[in-house]
Undergrad: 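Below is one structure. I have some questions about it.
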Amino acid sequence: MIFPKWTNRTPIPVAIGGGVLLVLVVTAFAYYISPYSTQVGYAPTQPVPYSHKLHAGALGMDCRYCHVAVERSPVAMVPVSQTCMNCHSVIKKDSDKLAPIRQSVETGMPVAWVRVHHAPDFVYFNHSVHVNAGVGCESCHGRIDQMEVVRQAKPLNMAWCLDCHRAPEKYVRPPEFVTAMGYVPAGNQLDLGRQLVKARNIHPPTDCGGCHR
Amino acid sequence: MSEKSAARPSAPSPPYGVMAEFVTPADLMRATGRLRARGYTKIEAYSPFPIHGLDRALGHGGSKVPWIVLGGAVLGASSGLALQWWTSAVSYPIRVGGKPFFSVPAFVPITFELGVLFSAFAALLGMLALNRLPQPYHPVFNHSRFHRVTDDRFFLAVEAGDPMFNVERAEHDLSDAGGLNIEVLQA
Amino acid sequence: MKEERVEDQSRPQWRSLDELTGSPEYRQYAETEFPDFFEETFDFPPDAENAALSRRSFLGVMGATLALTGLAGCQRPLAKILPYSKLPEDLLPGVPQTYATVMPFRGMGEGILVTSNEGRPTKIEGNPDHPSSLGATHGFAQASILELYDPDRSQLPMEGGAARTWDEFNTWLTPKLSALRAVGGRGLAFLSLPTASPVLRAKRTEILSAFPNARWVDYEPVNRDNAIEGSRIALGRPTRQLIAFDQADVIVSLDSDFLFVEPNSVRHAKDYAHRRRVASERDTMNRLYMVETVFSITGSMADHRLRIAPSQVGEVARALAFSLSANHNTYLGGQTWAAVRLSDPVLAFVERMAHDLAEHRGRSIVIAGATQPPEVHALAMALNHALGNVGPVVRYTGEPYPGEQRQGIAGLAHSMDTGEVNFLVVLGGNPVYNAPADIDFTAKMRKVPDVVCLGLYHDESSEKASWHLPETHFLETWGDGEAWDGTRSIQQPLIAPMYQGKSELEVLSLFLGRPADAHALVQEQYGREWGVFSASRWDRALNDGVVPAGTAFAEVVATPDMSGTSAAWSRRAPAPANGLEVLFRPDYSVWDGRFANNSWMQELPDPMTKIVWDNAALMSLKTAKSLGVKDGDLVSVSVANREMEIAACVVPGMADGSVVLPLGYGRTRAGRVGNGVGFNTYALRTTTGMDIAPATVKAGAGHYSLVRTQDHQALEGRPLVREGTVEEYRKNPEFAREMNEAPPPISLYTNKEYDFTKPPQWGMSIDLNTCIGCNACAIACQSENNVPTVGKKQVKKNREMHWIRIDRYYVGDVEDAEAVHQPIPCMQCENAPCENVCPVNATNHSADGLNQMVYNRCIGTRYCLNNCPYKVRRFNFLAWRKDQPEVIKMAMNPDVTVRMRGVMEKCTYCVQRINRKRIEAKNAQRELKDGEIVTACQQACPTEAIVFGDLKDAESRVAKLKAQERSYTLLEELNTQPRTFYLARLRNPNLEMEKA
Amino acid sequence: MSTATMPPEPRELVPDDPRRRLTLVHGGHSFADITRMVCAPVEEPAPRGWWIGFGIAFACLGLFVAMVVYLVLVGIGIWGLNNPQAWGFDTTNFVWWVGIGHAGTLISAILYLFRQKWRTAINRFAEAMTIFAVICALMFPTIHVGRIWMLWMALPIPNWESVWPQFRSPLLWDVFAVGTYFTVSLIFWYMGLIPDLATLRDRAKSKIRWLVYGILAMGWRGSARHWSNYEKAYLILAGISTPLVLSVHSIVSFDFAVSIIPGWHTTIFPPYFVAGAIFSGFAMVMTLAIVARRAFRLTDIITIDHLDNMNKIMLVTGMMVGYAYLMEFFISWYSGNRYEMFTFVNRAFGPYAWAYWIMITCNVLVPQIFWFRRNRRSIPVMFVASILINVGMWFERFVIIMSLSRDFLPSSWGYYKPTWVEICTLIGSLGLFFTFFFLFLRFLPMVAMAEIKNVLPQADAHGHGQGGVPAGEPA
């Protein structure tokens, strides 16, 4: 029993093929578990088809009109039903889409919104300190003003956070533009950013304890 | 078997060479000497275990494996140190136990280990590469008694590539040198 | 936990509560026979259930799934956000609020501040404006948070064990009431706990006027009858002493554990520590003489300690009086005191005390402990008067609560027996469990046709009662309370009643036929007191936690009636010639048993014996030898032909010939946690021997496993706790540092890219000279940092989880040992050994010098624990919270991750508090101020022994303390560069005495 | 050719003089005999003993798997570990197995470099033993972590958190050291196997065997060029394996030496651990060799002289560890460090004294019997001794790790008791080891044929030795 001639041609192709296959599998897996596949683009349907595109975009409402706590609290705060009724007791007061809101106000039962942006619970993210430091809403949430349905725009993984924590000057804005959408820095962002970082004495932590407790 | 019998009758292709069997290493040694004396240059011996001085007798050069291994060692150690330096001091410098980010003494063990690891691979792969392995088929396997080369028999082959190769002469010289079961090997 | 926070933050409290109590998990707990979730943990199902508790554990499982079944873990869980429908005023989701209220305990109100996260009270602190607290608390206050969320609390009215509604109770009650009213309440009796709530007292008088023939009895097993009776003897009227320990140079305590057991202990500790705190060798310290039987924590602070049988303490007092009058020309109202026969060393001790007292007239104090008979109290008062301490050190106020509880309960029992009582209302107490054994309250109760029992738990008494009514927790209802000095506070609820509870106030209003809710009743009462109700004054009262404008008791001037005192002495029963004596005292962890179902308290090691989840018969080595028992052996103790078996616990430094029996254990209906834990010593406690009783003790059969958190008691000559006398300190202020020599630190590493110089650099100072080992810090830490309890069996395996532990070492000779306390939190070493060995960077250092622990990075090699020389790291060997009732989640601090099994945890210097303050400062664009960040342990500490702050800020308190000569670090020879450091302990002995 | 007629009879070991060479193989076997003898276990149906042994081993392996599943589901708490003793059986077993895993490569590599030809008889299954022991060893650090599903974080894998392992940790050194050791041993072993795999290929009767061995042999045909590259590579592997062996157990010892715990923080550990490893490794080889040579009738190949030599080595290494034990005590006294002193007094007279004295007896006293030639050549004696030494070496690691029970602060002293789970896991790991080993005996040549043939007298191609026609061969 001896091996036929052709078998001599097998080893090299097998070796190469195996290598390539391995690389492919690993890459595929890496992408599959990455936040780019698990997080970005997550856009669940909400109990009320609220359109940020209309309110924040077309009507140009300020984020803080609804998300009132964002400057003072760790949580930006999803608005209470009453907030909607401030306008909708007058406008579109009978719209079926708003039924859940009206019901909530009557019964006092909350509206069950679906969470879109979700930091793991060992991450202690604080909206107020970021907003006050001049991190724009847009920087983390994307062009909310263009979203009919809110979707997660950024991966929100740790490396992504660190990118800004290590070089805030790349992103920080003057306070007045924090809620601005599609903000374009007046001049070079890096120069502006450095001034802001200096002026407002911004030194974001890169220590674990800054976010994990 | 099938390939072999198929190859035998219709043998238009030039043979690979002529191979004879020997019983003891001493015989093989003697035979090798004889053939070399006759001026053969492209002959190869086959044995169940390494025989001292045989490759000198066959006029082979020394092995190149050492150089390959050296390469492996250098690559391994340097990549080991680089990995530790980059991850601990560049990518994410983290304060640990009051030690510097680039704590050379603490990085020695892994550097060394990776050096060894890579050289070991280099040795194996180098050996295989230089021996053109894996190579499941080889003409010498066509010799009907060659399966004993891994048991207790010794073989000497005169290859067709030899300038003074000629089937008849090769057969004659091998039998002169005390070779048994002389066969012509199909390529 | 975060998940919880998000949900709760956005949901009205009562909803979340309904949801919780209505949730299937909860029901399962409320209804099924409970798994003993503190017991052996072998037969666990997979960890998956944990997912319910926190997403961290969920992640774990997710990881597990990943590891086991490949990629199943990558799907994203659906999370809901439930905002309010209307935002309650002055509530900002995500930002905790603090409310001032008052905790009724030991017949007084302790002022506290309660932190609330979106309607969930999660943490209790002391109220700095409250005279009985001054910002500190004891462990009981801290632990009452857990009590609030205890799923074993009774939830519905019950008639003979069957669930009822309040309406049903009313329909049952109404006819009975009209009948009672007809006879002016004859046959109606109330048995309640003494209260420090004026509103409640008013309501009680109202009841008595509505039912003139009804009788009202107060009874609490741990009461102050002796002291009050003593004041009657000495001063002719019930009087309360306000002692300013900060004014006393010499303190003589006659078996008084005033740093813990006596009411107002937190204030006492603060004042006492004030005179132990020294900044330089020029400062002076007070001196404490302790005459006691048990080894109390007060005793562990004594400069001179005399251990003696309880009945002999009085003799010592008498000898003291004799010596003062005879040898130190102290005028004792012309009464002559005969010399007392006591052993020579004791007399020498007394003589020195007398001498020291005489030298510090007007700057000393003699106090008698609650367990001492009235005449001792009377004599102590007399001595204070004679020494001119009344005024400068001790002041008298009227006793708002005359007491006589002991006769009270006995009398009540008698008339229950004779059938005079046909309707008994038990308000809050648990007489079946803790009434004197000889009156056999249970049997008497059977003779009463109608017994209504109001209580937090469906406890031993409720079980025997015809009706049980659920009581509200003090954090659930309105009321008020008086501090020790009478200062009033409004008790305001932090949360709507979790179950169908009503407060005593409300129940009484039911009996008055005018049901009203507590809020209205309290306001009504204050309106009456203020003439007209003032909303602004009310709001200020709520805001400050004390009712404005001097509500303290008026001081009374009284001169002791010496003849009465000596008469009382002549009536004194002679001490038992020979034989053992037992002394009953409240337990350091469960008090009189009311905290028996509180796992925090059960797992809190006794400050002296370090025993958890148990009580035991404490006895000296010699006593144990004479009985032929070893530690943990069962002994049978019999008092007046009542007998019980209890485990013996050998305590160095205890008085020979006496056995101390801590109360509060052996409960049968405490709840899942407390049932069957320890031994019920009430079984031996009789009306005649409420405190001290002659007893016979003999070795019993068998051994009992007493579990301690500290198995080794000696220092092995290691300079861990460094101690010296004031003299040594004066001679050589550096003495502490010289007790250990550390080699010069040399390092392989020369190229260090960073150092810890940029402020802030956090550090902590622990003053061993003022630490009294009271455990308040440990419980505060447990509450702040979501530290789990693990149960007796796991503690036996050395798996307790406390982030700060208090090491207690006995020093000196075993018989007459002294004790030292040493709190051990994480040392936050700059060269942390734990960090070097972690393969995954899960523990490392922050720029401001914190040794960080990243739970989500930890894989649990436990190498860090091995390599920690202080052994402060704690590993989650099992899923400790697996079987934890759903509702306990509400007690969790949302700012601290709940750790899953398999990860390491440890003290973080309360990094969540640091971050909160830092962010506040950042948002306000200002710098942090010293003292702005307060760690949980520091905040709770009654003696301010713990100080936290920035070491690089030369002006900070902690930096100044670091600069003191007394400061030293633990095991400095290891060059770990700890951030936590200690101030050496000083004793202030009386030198002549030393010679003697 | 005067010496050519010299009759072959066994002699004492003498310096390796080509003309007066020890007959390493008794019974004057021919090349073919060797092939036959060595291949027999692989080619003939398995004896009943093999099935019984394999059955038991496999059952224990099942136990191991069960224990691991239980552990992963419930948590480390099912072991007896606690604070202060966060390590116990887990690490003890790890170090013990790694130690055993050192004999193989050591015998192969170091003895090869020292031209100790007698190694040829035992190196193959010593190497096999190494690989299986290291597999067992690697099990323990893997399962002993609290969150095994997060173990990937200990490897330098690029991740979405951009956090890396901590390369200053001895545990991470272990990952690399033991991992490397395993890989290199495997390579070394496989390389040695190639010629013999070719033999099996050429003797194969069934198609499957031919195919499998054929693929594994990669077309080896024993040409002179093959042999020269092969020998060079083998020599180099031996050369790098030697420092590797030393480094690996040094690094394992760093787990303790690098820490600051009294009784762990000791500079003597690296040499002391290496000596101990060789010691225990040889003991294990001995145990296995004694059984295997008897069971598979290889007494002519693995001769009494081989065992004698190994006993001598055990005697030497045994005395080395004995010296280390003494030296630890001396240093702790000499250091004047109160914690060190206490630890060692405590070791000999404290709560774990029993373990300490078991260790002393097995590791220091037992080997002394090998001073006597009679014992060195008595199979029963050496069999019992080798087992006792394995036990002793387990206790050595246990004693060291129990230093944790009483470190700096008396307040946190404790006592560790293993649970049944830990004991079953240890037994289970033995099952894992023997399952592999039994499979090895069945499917691979347990002696390096090519090398054995090479040391036969008639292998000498330069006219020494018997030369001529081997027995039973037609001229």
Side-chain angles (χ1 to χ4, degrees), chain B residues 23-26 28-29 44-55 58 60 62-63 65-66 69 73 83-84 87-88 91-92 94 96-97 99 103 106-107 109-110 112-114 116-117 119-121 123-124 126-128 130-131 133-138 140-141 147-152, chain D residues 30-32 35 156 162-168 172-173 176-177 180 183-184 187-188 190-191 195 198-199 201-203 214-215 218-233 236-237 240 243-244 247 251 254 450-451 453-454 458-463 467-470 473:
Chain B
V23 178
T24 71
L28 178 67
M29 210 61 184
E44 178 62 289
Y46 300 84
S47 57
F49 51 83
I51 296 171
H52 263 295
L54 187 56
D55 43 3
L58 289 161
H60 293 162
S63 168
V65 171
V69 175
L83 170 75
Q84 299 178 77
T87 52
S88 324
S91 169
Y92 197 160
I94 293 175
V96 168
K99 289 188 169 61
S103 321
F107 293 168
I110 290 178
F112 172 81
E113 294 302 331
L114 285 182
V116 173
L117 184 63
S119 5
F121 275 110
L124 177 67
M127 184 276 284
L128 292 177
L130 292 173
N131 288 345
L133 294 177
Q135 186 182 2
Y137 169 82
H138 191 278
V140 293
F141 288 122
H147 59 90
R148 290 188 66 168
V149 77
T150 54
D151 178 2
D152 61 344
Chain D
S30 72
F31 296 134
T35 315
S162 80
V163 183
W164 298 100
Q166 205 277 94
F167 287 97
R168 298 169 197 78
L172 205 62
W173 303 345
F176 283 82
T180 301
T183 321
V184 173
I187 291 174
F188 198 34
Y190 176 63
M191 196 146 134
T199 308
R201 171 196 63 198
D202 294 344
R203 296 168 54 89
I215 290 170
M218 291 194 292
W220 177 268
R221 55 186 189 275
S223 76
R225 170 167 281 95
H226 277 186
W227 281 121
S228 75
N229 287 324
Y230 174 88
E231 283 199 288
K232 186 63 83 186
I236 291 169
L237 272 182
I240 56 175
L244 177 64
S247 80
I251 288 175
F254 289 163
E451 297 193 33
K453 291 172 187 167
N454 201 2
Q458 64 265 40
D460 177 10
H462 305 283
V469 184
E473 282 297 330

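Chain letters run A, B, ... following the sequence lines, proteins first, then strands; residues in each count from 1. Hydrogens, waters and symmetry mates are skipped; everything else that's a heavy atom, side chains included, is used.
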Undergrad: Please tell me whether S247(D) and E113(B) have a donor and an acceptor in their side chains that are separated by less than 3.5 angstrom.
TA: yes
Undergrad: Does any heavy atom of chain D fall under 4.5 Å from the side chain of Y137(B), the backbone, both, or neither of them?
TA: neither
Undergrad: Indicate the atoms forming the closest heavy-atom contact of A459(D) with P25(B), along with that distance.
TA: O-CG, 3.8 Å
Undergrad: G219(D) and F141(B): which non-hydrogen atoms are nearest, and at how many Å?
TA: O-CZ, 4.0 Å
Undergrad: Quick check on the interface: out of Q135(B), H138(B), M127(B), who has the most heavy-atom pairs with chain D under 4.5 Å?
TA: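 Of Q135(B), H138(B), M127(B), H138(B) has the most heavy-atom pairs under 4.5 Å with chain D.
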Undergrad: Could you go through the side chain to side chain contact (heavy atoms under 4.5 Å, CB included) check for R225(D) and N131(B) one step at a time?
TA: CA-CA 7 Å; R225(D) 170 167 281 95; N131(B) 288 345; 4.1 Å; yes
Undergrad: Would you mind checking which part of E44(B) comes under 4.5 Å of any heavy atom in chain D, side chain (CB onward), backbone (N, CA, C, O), both or neither?
TA: side chain
Undergrad: Just so I understand: if I count every heavy-atom pair under 4.5 Å between each of K453(D), H226(D), K232(D), E231(D) and chain B, which residue has the most?
TA: H226(D)
Undergrad: With chain D as the partner, which of L28(B), L83(B), I94(B), V149(B) has the greatest number of non-hydrogen pairs under 4.5 Å?
TA: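 Winner by heavy-atom pair count: L83(B).
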Undergrad: Sort V116(B) into side chain, backbone, both or neither according to what part of it lies under 4.5 angstrom from a heavy atom of chain D.
TA: both
Undergrad: Count the heavy-atom pairs under 4.5 Å between each of T35(D), I251(D), N229(D) and chain B, then report the option with the highest count.
TA: N229(D)
Undergrad: For each of V184(D), V163(D), I215(D), tally heavy-atom pairs with chain B at distances under 4.5 Å, and name the one with the top tally.
TA: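 Of the candidates given, the most pairs with chain B belong to V184(D).
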Undergrad: Please verify the inter-ring angle class for F107(B) with F167(D); under 30° counts as parallel, over 60° as perpendicular, anything in between as tilted.
TA: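 If you compare the ring of F107(B) with that of F167(D), the planes turn out perpendicular.
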Undergrad: If I measure from the heavy atoms of chain D, does L124(B) come under 4.5 Å with its side chain, its backbone, both, or neither?
TA: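 Both parts, heavy atoms under 4.5 Å.
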Undergrad: Could you check which of S88(B), P66(B), A123(B) has the highest count of heavy-atom pairs closer than 4.5 Å to chain D?
TA: P66(B)
Undergrad: Main chain of L54(B), side chain of W227(D): is a donor-acceptor contact present, judged purely on distance under 3.5 Å?
TA: no
Undergrad: Report yes if some heavy atom in the side chain of T183(D) is under 4.5 Å from a heavy atom in the side chain of L117(B); otherwise report no.
TA: yes
Undergrad: For the atom pair CD1 (I236(D)) and OG (S63(B)), what is the distance rounded to the nearest 0.5 Å?
TA: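 Reported to 0.5 Å precision, the distance equals 7.0 Å.
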Undergrad: Within a reach of under 6.0 Å around NE2 of H52(B), are more than 12 heavy atoms found that belong to other residues, nucleotides or ligands?
TA: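 Result for NE2/H52(B): open.
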Undergrad: Would you mind telling me which of R221(D), M191(D), M218(D) has the largest number of heavy-atom pairs within less than 4.5 Å of chain B?
TA: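 The candidate making the most pairs under 4.5 Å is R221(D).
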Undergrad: When only pairs under 4.5 Å are counted, which of S103(B), G53(B), G97(B), G126(B) shares the most heavy-atom pairs with chain D?
TA: S103(B)
Undergrad: If you count heavy-atom pairs under 4.5 Å between each of V96(B), L128(B), I51(B), D55(B) and chain D, which one has the most?
TA: V96(B)
Undergrad: Taking every non-hydrogen pair under 4.5 Å, which of Q84(B), K99(B), M29(B) racks up the most with chain D?
TA: Q84(B)
Undergrad: How many angstroms lie between CG in D151(B) and CZ in F31(D), if you round to the nearest 0.5 Å?
TA: 10.0 Å
Undergrad: Hey, does the side chain of W220(D) reach the backbone of L133(B) with a donor-acceptor pair shorter than 3.5 angstrom?
TA: no
Undergrad: Answer with side chain, backbone, both or neither: which region of L58(B) has an atom nearer than 4.5 Å to a non-hydrogen atom of chain D?
TA: side chain
Undergrad: I want to check something: taking the side chain as every heavy atom from C-beta on, are Y230(D) and P50(B) in contact at a cut-off of under 4.5 Å?
TA: no
Undergrad: Relative to chain B, which of S228(D), A177(D), P156(D) shows the most heavy atom pairs under 4.5 Å?
TA: A177(D)
Undergrad: Which bit of P165(D) is near chain B, if near means a heavy-atom gap under 4.5 Å: side chain, backbone, both or neither?
TA: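 When you check distances to chain B, no heavy atom of P165(D) falls under 4.5 Å.
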Undergrad: Main chain of T150(B), side chain of T199(D): is a donor-acceptor contact present, judged purely on distance under 3.5 Å?
TA: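 Yes.
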